[in-house]
Amino acid sequence: MTTITAPTGLSRAELARRVAGDLVDGWCVNVGIGAPLQLPAQATPGKEILYHCEHGLLGVGPAPDGEPDPDVTDAGKNPVTLLDGAASFDSSTSFAIARGGRLDLCVLGGLQVSERGDLANWLVPGGNPGVGGAMDLAAGARRVWVMMDHLDKRGNPKLRKECTFPLTGAGVVDRVYTNLAVFEFVDGVLTLRECAPGITPEQLGPLTEATFQIDLWNQGESE
Amino acid sequence: MTTITAPTGLSRAELARRVAGDLVDGWCVNVGIGAPLQLPAQATPGKEILYHCEHGLLGVGPAPDGEPDPDVTDAGKNPVTLLDGAASFDSSTSFAIARGGRLDLCVLGGLQVSERGDLANWLVPGGNPGVGGAMDLAAGARRVWVMMDHLDKRGNPKLRKECTFPLTGAGVVDRVYTNLAVFEFVDGVLTLRECAPGITPEQLGPLTEATFQIDLWNQGESE
Amino acid sequence: MIDKIRPKAADALDSVHNGASIAIGGFGQSGVPLDLIDALCDRDVRGLHIIANNGGRGLPGERGIGRLLAENRVSRFSCSFPVNPAFFERYFSGEVEIELVPQGTLAERLRAGGSGIGGFYTPTAAGTVLADGGFVVRYGKNGEPEKTLAQKERRVIDGRTYVLESPLRPDFALVKAHRADRYGNLRFRLGARNFNPLAAMAAKTTIAQADQIAAALDPDDIHLPGPFVDRVVATELEPAR
Amino acid sequence: MIDKIRPKAADALDSVHNGASIAIGGFGQSGVPLDLIDALCDRDVRGLHIIANNGGRGLPGERGIGRLLAENRVSRFSCSFPVNPAFFERYFSGEVEIELVPQGTLAERLRAGGSGIGGFYTPTAAGTVLADGGFVVRYGKNGEPEKTLAQKERRVIDGRTYVLESPLRPDFALVKAHRADRYGNLRFRLGARNFNPLAAMAAKTTIAQADQIAAALDPDDIHLPGPFVDRVVATELEPAR
C-alpha cells in the first residue's frame, strides 16, 4: 500500500507544551474543546495562567489525582481541579467575560483556517452540527489561536485558500499552531514563524494550500 | 384670609395602612420613593410581603430599633432591616426582576395621574430633574398603584384629564390611593372604588379634574 | 406566608402540558435537574420545545435531556451542542427541528427574556450560517432540507457587524440548585450553576430541584433571588449547614 | 504571578486623565468608593464624564460624587437621580451636561458595555421625554436650553413599543467591594453591591477599593470574577475571616 509520506512533527503533548510556552504570565485564557483542553495540565513554573471554561469556571487546573468532582469539569466535560483564584459564575457572565474583551486569549481547535484568518471548526458538511461557545469566543477574545493537525485525516491541508466548511468566524485567527509549524497573521498576511524540529519551510509548501510568507521568529534556531 | 376648604381625609400613616390592607399574602412589592416607603413598616399579621428595593435588596422590613447598617437602606436611603428570605443582588438583576414581570406590584408616588392611567411623578417643569427607577418600575411591574395626596400643595387636583407634567409612563396605572379615595382603572376607565371615612362621592367631583365613573367596592360601607 | 416548597416533583410539574416550551439548566452532566426531568417523563408530556445547552450522550438508560430525546418527547430543540447520536438520527429524518444557537447567545437570550429586554445586538455568529442564514433547521421525511434559517437582521455599530437576537421566554424552566429556601432563593454549586439561573429567569413558571433546603440563606450567598422561582422540590434531604 | 493589589489609591489611579469617562458604583451613601474618589480629586483631573446613579447631597465637606461635583471636575454626568442642589445650579447655568437615564436602563447599559453587547431594546421610558426626546441635556450660559435629547430609535416588538439603548464603555470604573483577593475577585456587602459589579464590567480599566483583602475566596462566594478588575486597593485592613 502506498501512502503519502508526511512528516509527523510534534506529538499532541509536545504541541500542547509548545503552545503553553507562548502564554504570558497573568493571562486569562479560554480553552476550547479538543486539543486545547490539554493546556491547563501544562503548568509552567513562574507563569500563572487563569484558565476559563465557557460554562462558568475560571482558574481550572489539571485533572484531579483523587475522586473527581462532577461539578468541576472543563468545556469537554472532563474532570479538572480548581486552583487558587478560582471563581464560578453563570453562563451569561462567562460569555460577558469573552464578548466583553476580558479574555487575553482563546485557544480553539480547527477544521480549516483560511489565508485570511477565517476559522471553520464546528461543522463538517453532512456531519452532526454542534457549535458550543466557539463563535462567541472567536468573536470576543482579544487573541484567537488555533491548535490543530497540519493535515486532516485524509491528508488534506487544513490551512486553505478559502474555508470550504461553514465558518466559526471571519478573519478572527491570530496564530495557528500545528504539529509541523507555527503561523501568525501579520498585518493580515499568513506568516510562517516557526517550524517544528526537523521540519523545513520547503516541506510545508506542498502540505499547506494557503499562501504564506516566511518571516521566522528565530531564523537560526528553527531547523 | 380665605382658603378653599378641602377635607383632609386620611393621614399619611392611615393611607399607608389602607394600601397595606390591599396587599396580597406572598406578593413581591416594590416601594418607590416618598409615601410608599412607609409600607414595609405596616406589617399585617398573616400576610407575608416581600418588599423589593430598586438598588438590589429584597425582603426589607421597618427601620431598625438599634444601630442602622449603612448598607441596608430603602430606595429613599433610609435605614431599614432585612427580614427572613432577604436577598441581595446587583442593580441589573434588580431591574430584571422589575422589567421581567416578577414584581406583583409597585407602589409609586405621583404628581399627576390622567384619566387614561398616565403617570407623571418625576419632574415638575422648571424643577430639578431626577427619574430614579420610576420609569423601569412603571414599565415592568404587573400592577402599578399610585399613592398620593388628592390635591397638590396649591389645592389643584392631581387626578387630571391629561398630565401636564412629563410622563413617567403612559397608561400604566392600575389604582390610585389618595387621602380622600381609592380609584381603579376598570377596562381603562377611571372608577371610584372607595371614599375615605367621612368623604362622599359628591365631594370628590370638584376636587378631581379627571372624569370618573362610580362603582364602589362596598356600597353600604363607604360612608 | 410564602412557601414554594413542594413535597414531590410530580406536584411541582402538574401544570406542564403537551407542546410546552421548557428551558432546562445544565452543562454536560453538571447541574442537570435529573429528578424533575424524570418526573416530566413520568407525566408523559410530548411535543415539547426544549431549550438546553447539551443533548446528552445517547447512552442506554440515560437520564436528563438524553432521556427526553430518547423517548421522542421533543419536537424542537434549541441548543448549542446537541452531540447525542440518537438526536441527530431524528434530526436528519425530520422528526425534530433544531435551533442551533451559539452558547453565549443562548445564555444571553435567556437572560434577556428574564429581564424584559426586547432584543439585543451581538457580534457572535456575524458572517456565519447561524446568522446570515442557510443552516438546516428541519429536514423533510425524504432526507432533504425542508426549512432553513432565515437571515437575521444585521446592524453595523462602530464599524463592526452585529446580529439582532431575540429573547427567550419559555413557559417553564427546570433547574437544579444546591441549596434553596422556602422563598425560592437559590444557591448553586461551582460549575453546576451554568445555565440554571438564566433558565429560571427566563421562564413564566420556574421549578427548581435542590440538594438541600435551608431555613435561611445569607442574603449575600444567594445566586438567584426567589422572585424568579415558583416551586422548589427537595431531592436529597441532606441537612443544611 | 497575578497580583492586582496596589499599596495606595494614588498608584491605582495613575492613568486616569483629564476628560476621562468614569463609571462609579454606589447608591446613595452605600457602596461608594470614597477613598478612590478622594484620590481622584487629589490627582486634580477635570472635564470628566461621570457615570453614577446618584449625585450626592451637596453638603459641605461631602465626599463621594458630591465632592467631584462640588470641585467642578465633571463636564458630563450620566445618572438617574442627581438630587444634589450644587449640581443643579451648574446644570441650569450651562456648566455641566446631563444624561438622565432611568435607573434600570443605566444598569443594563453598563452590563451591556461589559458584555460586548452592541445595544438592546427596553420598554422603559417609551412614550416619555427621555426616549421620545426633548429633555434638556445642556443649558446655555443665558439660561436657555442649548441642547435637547434627540428621539431614540423605537421598535414595536410583539405589539409593545421598545427603545434602543446603547452600551456604556467608560475608560475607567471606580468600585467599592467588601472583600477582594489578589486575582481581583470581588465580593460585595448587601445593598452596597448595587451598581458596583456593573460599573466594573463596563470599564476598560477597573479599580476597586476593598474593605478586606482575603488570601482566597470560595469560588461560589465571588460576586464578580477577577477578569473584570484591573487593580485593587485595600482601604481598611480588617482581618479577613
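A, B, ... follow the sequence lines: proteins, then strands. Residue 1 opens every chain. Small disclaimer: the values here were computed from a predicted structure and weren't measured.
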Give, as side chain, backbone, both or neither, the part of R111(D) having an atom under 4.5 angstrom from any heavy atom of chain B. side chain
Mind checking whether R189(D) and D69(B) have side chains closer than 4.5 Å, heavy atoms only? yes
Among G191(D), G28(D), G25(D), A107(D), which residue forms the greatest number of heavy-atom pairs with chain B at distances under 4.5 Å? G191(D)
Would you mind checking which part of P70(B) comes under 4.5 Å of any heavy atom in chain D, side chain (CB onward), backbone (N, CA, C, O), both or neither? backbone
Between D136(B) (side chain only) and T105(D) (backbone N and O only), is there a donor and an acceptor less than 3.5 Å apart? yes
Interface moiety of N54(D) toward chain B, non-hydrogen atoms closer than 4.5 Å: side chain
Contact part of N78(B) toward chain D, heavy-atom cut-off under 4.5 Å: side chain, backbone, both or neither? neither
Less than 4.5 Å to any heavy atom of chain B: does that hold for the side chain of P197(D), its backbone, both, or neither? side chain
Given that the side chain runs from C-beta out, which part of V101(D) has a heavy atom under 4.5 Å from chain B: side chain, backbone, both or neither? backbone
Under a 4.5 Å cut-off applied to non-hydrogen side-chain atoms, are R99(B) and P123(D) in contact? yes
Interchain contact, S92(B) with chain D, by part (heavy-atom threshold 4.5 Å): both
Does any backbone or side-chain atom of Y91(D) lie under 4.5 Å from a heavy atom of chain B? Answer side chain, backbone, both or neither. side chain
Can you tell me how the ring of W122(B) sits relative to the ring of F135(D), calling it parallel under 30°, perpendicular over 60° and tilted otherwise? tilted
Under 4.5 Å from any heavy atom of chain D - which part of T93(B): neither
Non-hydrogen side-chain atoms of F81(D) and I33(B) separated by less than 4.5 Å: yes
Testing the 3.5 Å rule here: is there a donor-acceptor pair between the side chains of S30(D) and D71(B)? yes
